[in-house]
Amino acid sequence: MDTTLRDGEQTSGVSFTPREKKDIARLLLKELNVDRIEIASARVSDGEFDSVKNISKWAEQNGYLNRLEVLGFVDGEESLRWIHSAGCRVMNLLCKGSLKHLTDQLRKTPEQHIHDISKKIEKAEHMGIAVNVYLEDWSNGMRFSPEYVYQMADALSQMPIMRIMLPDTLGILNPENTYAFCKDMIQRYPSVKFDFHSHNDYGLATANVFAAVKAGVRGLHTTINGLGERAGNVPLSSTVAILHDQLKMRTSICEEKINRVSKMVESYSGIHIAPNSPIVGDSVFTQCAGIHADGDNKNNLYCNELEPERFGRLREYALGKTSGKANIRKNLEALGIGLDEEAMRKVTERIIELGDKKELVTQEDLPYIISDVMHYDTVENKIKLLNYSLSLVQGLKPVASLKIEIDGKEYEDAATGDGQYDAFVRALRKVYKSLGRPFPMLTNYAVSIPPGGRTDALVQTIITWRLDGVEFRTRGLDADQMEAAIQATLKMMNKL
């Protein structure tokens with residue numbers, strides 16, 4: 001069960017719009033093929049109600065309604081009415097899984113709590129709503145009040161519920177006690193279906209999932225990119241990888257869609273994925289050391305079961321000061337360029353020199369580096385920016401004027417925009433429109449500088465473009481942010 005739209009939205013600063021929630025739900029169910037998704041908490045807001053109603057309507061039309069779940073509470077009929085009115089038919093009832101939570105928060109006895117739960121489930125059954133039960137703070141319950149946990153499970157196992165869900169609410173478990181606690185529950189209640197809900201406060205969420213499955217648990221809760229309260233939940237991507245590779249288990253998940261869904265959630269949430277995040281990080285399928293690229297040439301010595309193609313990605317070979325000839329040769333092969341040994345030596349030296357300056361060298365830069373080093377043009381720039389002027393005056397819209405050469409002919413134009421770069425692109429679009437040429441849509445614009453906040457730092461601008469359904473990126477590098485963006489734009493035009 002993926003809970004990105006409920007527990008994931010409890011990440012600080014994350015609030016999906018109704019449209020975004022529906023997009024994510026559709027991707028999770030239709031493309032990733034997740035078994036179940038938890039899409040909201042009942043009674044949060046009017047906006048949340050409308051969002052859930054929108055998702056449930058789509059799900060019903062497409063045969064996914066029984067795979068939607070909503071968190072509900074022991075609150076009489078309020079949660080049930082909310083869930084039913086929103087069009088959903090499965091409630092995940094939040095109950096207390098530790099004696100401390102019960103006595104300090106609810107101030108009730110176990111018998112009173114069980115009675116209230118029983119009445120809630122009776123009402124749910126009458127309304128046609130199926131029920132799963134969360135034992136909140138179950139991990140601390142097993143540590144400090146196991147008899148209370150057994151009392152709860154004894155009662156719940158006699159009620160008409162589908163699953164008992166075992167959350168490590170505060171992320172305090174390790175693989176050893178996760179295995180012991182899960183094994184204990186499974187042996188005591190062999191007819192009950194259990195889910196394990198892991199939090200990552202100690203960085204052990206994935207390891208704890210591994211232990212829970214080894215103990216016999218068959219239901220797991222995940223989020224995309226590990227979103228969630230505090231340090232987050234276990235990521236779906238890592239969970240799927242360890243299930244398939246380490247535990248030789250089967251799931252319904254479509255691995256090759258994982259990266260796409262991950263990037264969309266990153267965009268919608270505003271929470272960036274660390275470059276070294278397993279499976280979905282930008283760097284995890286990139287070899288930096290030259291010896292690794294050399295080993296890959298010799299029977300894939302530095303590859304493991306996590307082949308990037310499984311997840312809709314490609315293996316890359318970084319270019320920088322640790323690059324050897326093997327790294328460079330791999331990138332040249334991808335571009336269809338061949339060099340003799342002397343040329344390779346010169347290009348390698350130049351890339352190492354750039355790497356020492358902390359400049360990012362990309363595959364797209366290689367032809368230009370070769371041209372610079374070898375004193376001949378391996379790339380024919382059919383489009384050249386001859387002149388440009390950008391003006392920014394308080395109270396007026398920015399203006400860009402430019403002169404550009406395309407196939408030996410010069411063109412001039414000017415435009416205003418919401419910013420200097422916007423004005424520059426608008427002027428380019430006018431030139432392209434007059435020539436009847438297509439101009440791609442800019443879909444993402446990312447700027448980065450080395451850490452430290454120096455004002456003279458190099459600025460890297462990475463722009464993502466889309467044309468005719470094809471997405472590609474170009475990069476610019478300069479001490480001036482605008483110049484870096486213009487370089488990236490010029491690379492795009494020549495690439496087209």
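By convention here, the first residue in the shown sequence is residue 1.
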Legend entry - Between Tyr189 and Asp154: side-chain donor-acceptor atoms closer than 3.5 Å: yes
Inset, instruction - Considering non-hydrogen atoms only, spot the tightest contact between Pro167 and Leu135 and give its length. - result: CD-O, 2.9 Å
Legend entry - Nearest non-hydrogen partners of Arg89 and Gly87, listed with the distance: NH1-C, 3.4 Å
Inset, instruction - Using modelled atom types only, decide if a donor and an acceptor are shared between the side chain of Thr239 and the backbone of Pro235 within a distance under 3.5 Å. - result: yes
Inset, instruction - Keeping to residues at least two apart or across chains, list the side chain to side chain donor-acceptor pair (under 3.5 Å) pairs with something in residues 106-122. - result: Asp75-Lys120, Lys108-Asp116, Thr109-Gln112, Glu111-Gln151
Legend entry - Partners meeting side chain to side chain donor-acceptor pair (under 3.5 Å) with Asp2 (sequence neighbours left out): Thr4, Thr222
Inset, instruction - Take Ser252 and Asp35 through the test side-chain contact (heavy atoms from CB on, under 4.5 Å) and record every step on the way to the result. - result: CA-CA 7 Å; Ser252 62; Asp35 299 300; 3.2 Å; yes
Legend entry - Contact check, side chains of Val74 and Cys95, non-hydrogen atoms, under 4.5 Å: yes
Legend entry - Polar side chain donor-acceptor pair, Asn225 to Ser262, under 3.5 angstrom: yes
Inset, instruction - Take atom NZ of Lys263 as the centre, draw a 6.0 Å sphere, and report whether it contains more than 12 heavy atoms from other residues, nucleotides or ligands. - result: yes
Legend entry - Distance-only side-chain donor-acceptor flag, Asp195 / His221, under 3.5 Å: yes
Legend entry - Verdict with supporting geometry, Ile253 and Asn33, side-chain contact (heavy atoms from CB on, under 4.5 Å): CA-CA 5 Å; Ile253 299 298; Asn33 200 28; 5.6 Å; no
Inset, instruction - Ignoring hydrogens and angles, tell me if any N or O in the side chain of Thr464 forms a donor-acceptor pair with the backbone of Thr443 under 3.5 Å. - result: no
Inset, instruction - Look at the side chain of Arg67 and the backbone N and O of Val34, then say whether any donor-acceptor pair between them is shorter than 3.5 Å. - result: yes
Legend entry - Side-chain heavy atoms of Asn140 within contact of Lys100, under 4.5 Å: no
Legend entry - Thr178-Asp168 side chain donor-acceptor pair, cut-off 3.5 Å: no
Inset, instruction - Report yes if some heavy atom in the side chain of Met142 is under 4.5 Å from a heavy atom in the side chain of Trp138; otherwise report no. - result: yes
Legend entry - Heavy-atom side-chain contact between Arg310 and Asp245 under 4.5 Å: yes
Legend entry - Flag side-chain contact, heavy atom, 4.5 Å: Leu93 against Ile117: yes
Inset, instruction - Would you indicate whether Lys123, at its atom NZ, is surrounded by more than 12 heavy atoms from other residues, nucleotides or ligands within a distance under 6.0 Å? - result: yes
Legend entry - Minimum side-chain heavy-atom gap Arg163-Phe194 below 4.5 Å: no
Inset, instruction - Taking all heavy atoms of Val149 and all of Gly97, pick out the closest pair and write down the distance. - result: CG2-O, 3.3 Å
Inset, instruction - Using salt bridge (Lys or Arg N to Asp or Glu O under 4.0 Å) as the criterion, list what pairs up with Lys21, not counting sequence neighbours. - result: Glu9, Glu48
Legend entry - Note, Met162 side chain near Lys193 side chain (heavy atom, < 4.5 Å): no
Inset, instruction - Spell out, as yes or no, whether a donor-acceptor pair under 3.5 Å connects the side chain of Ser277 to the backbone of Ile273. - result: no
Legend entry - OG1-CG distance between Thr206 and Asn200, expressed to the nearest 0.5 angstrom: 6.0 Å
Inset, instruction - Check whether any side-chain N or O of Ser85 sits under 3.5 Å from a backbone N or O of Trp82 as a donor-acceptor pair, and report yes or no. - result: no
Legend entry - Phe16 vs Ser269, side-chain contact (heavy atoms from CB on, under 4.5 Å): CA-CA, chis, key distance, verdict: CA-CA 7 Å; Phe16 299 120; Ser269 67; 3.9 Å; yes
Inset, instruction - Please name all residues satisfying side chain to side chain donor-acceptor pair (under 3.5 Å) with Ser157, sequence neighbours left out, ordered by chain then number. - result: none
Legend entry - Heavy-atom closest contact (Ile83 atom, Ala42 atom, distance): CG1-CB, 4.2 Å
Legend entry - Heavy-atom side-chain proximity of Glu266 to Leu227 below 4.5 angstrom: no
Inset, instruction - Mind listing the closest non-hydrogen atom pair of Val209 and Phe196 along with its distance? - result: N-CE2, 4.1 Å
Legend entry - His199 and Glu229: side chain donor to acceptor below 3.5 Å: no
Return a table of donor-acceptor pairs under 3.5 angstrom between the side chains of residues 169-177 and protein atoms on other chains or two or more places apart.
| from | atom 1 | to | atom 2 | distance (Å) |
| --- | --- | --- | --- | --- |
| Thr169 | OG1 | Asp137 | N | 2.7 |
| Asn174 | OD1 | Glu176 | N | 2.9 |
| Asn174 | OD1 | Asn177 | N | 2.9 |
| Asn177 | OD1 | Asn174 | N | 2.8 |

Legend entry - Residue pair Ile258 / Ile279: nearest heavy atoms and the distance that separates them: CG2-CG2, 4.5 Å
Legend entry - Any donor-acceptor pair under 3.5 Å from Ser79 side chain to Phe73 backbone: yes
Legend entry - Distance-only donor-acceptor check, side chains Tyr179 and Asp184, under 3.5 Å: no
Inset, instruction - Please say whether more than 12 non-hydrogen atoms of neighbouring residues, nucleotides or ligands are located less than 6.0 Å from CZ in Arg466. - result: yes
Legend entry - Donor-acceptor contact below 3.5 Å, side chain Arg218 vs main chain Val213: yes
Legend entry - Spacing of Leu5 atom CG and Ile39 atom CD1 [to the nearest 0.5 Å]: 7.5 Å
Legend entry - Salt bridge flag under 4.0 Å for residues Arg43 and Glu78: yes
Legend entry - More than 12 heavy atoms of other groups within 6.0 Å of Asp104 CG: yes
Legend entry - Contacts of Thr489 that satisfy side-chain contact (heavy atoms from CB on, under 4.5 Å) - sequence neighbours left out: Tyr421, Phe424, Leu428, Ile463, Trp465, Met492
Inset, instruction - Mark yes or no for whether Thr3, through its side chain, and Thr223, through its backbone, hold a donor-acceptor pair below 3.5 Å. - result: no
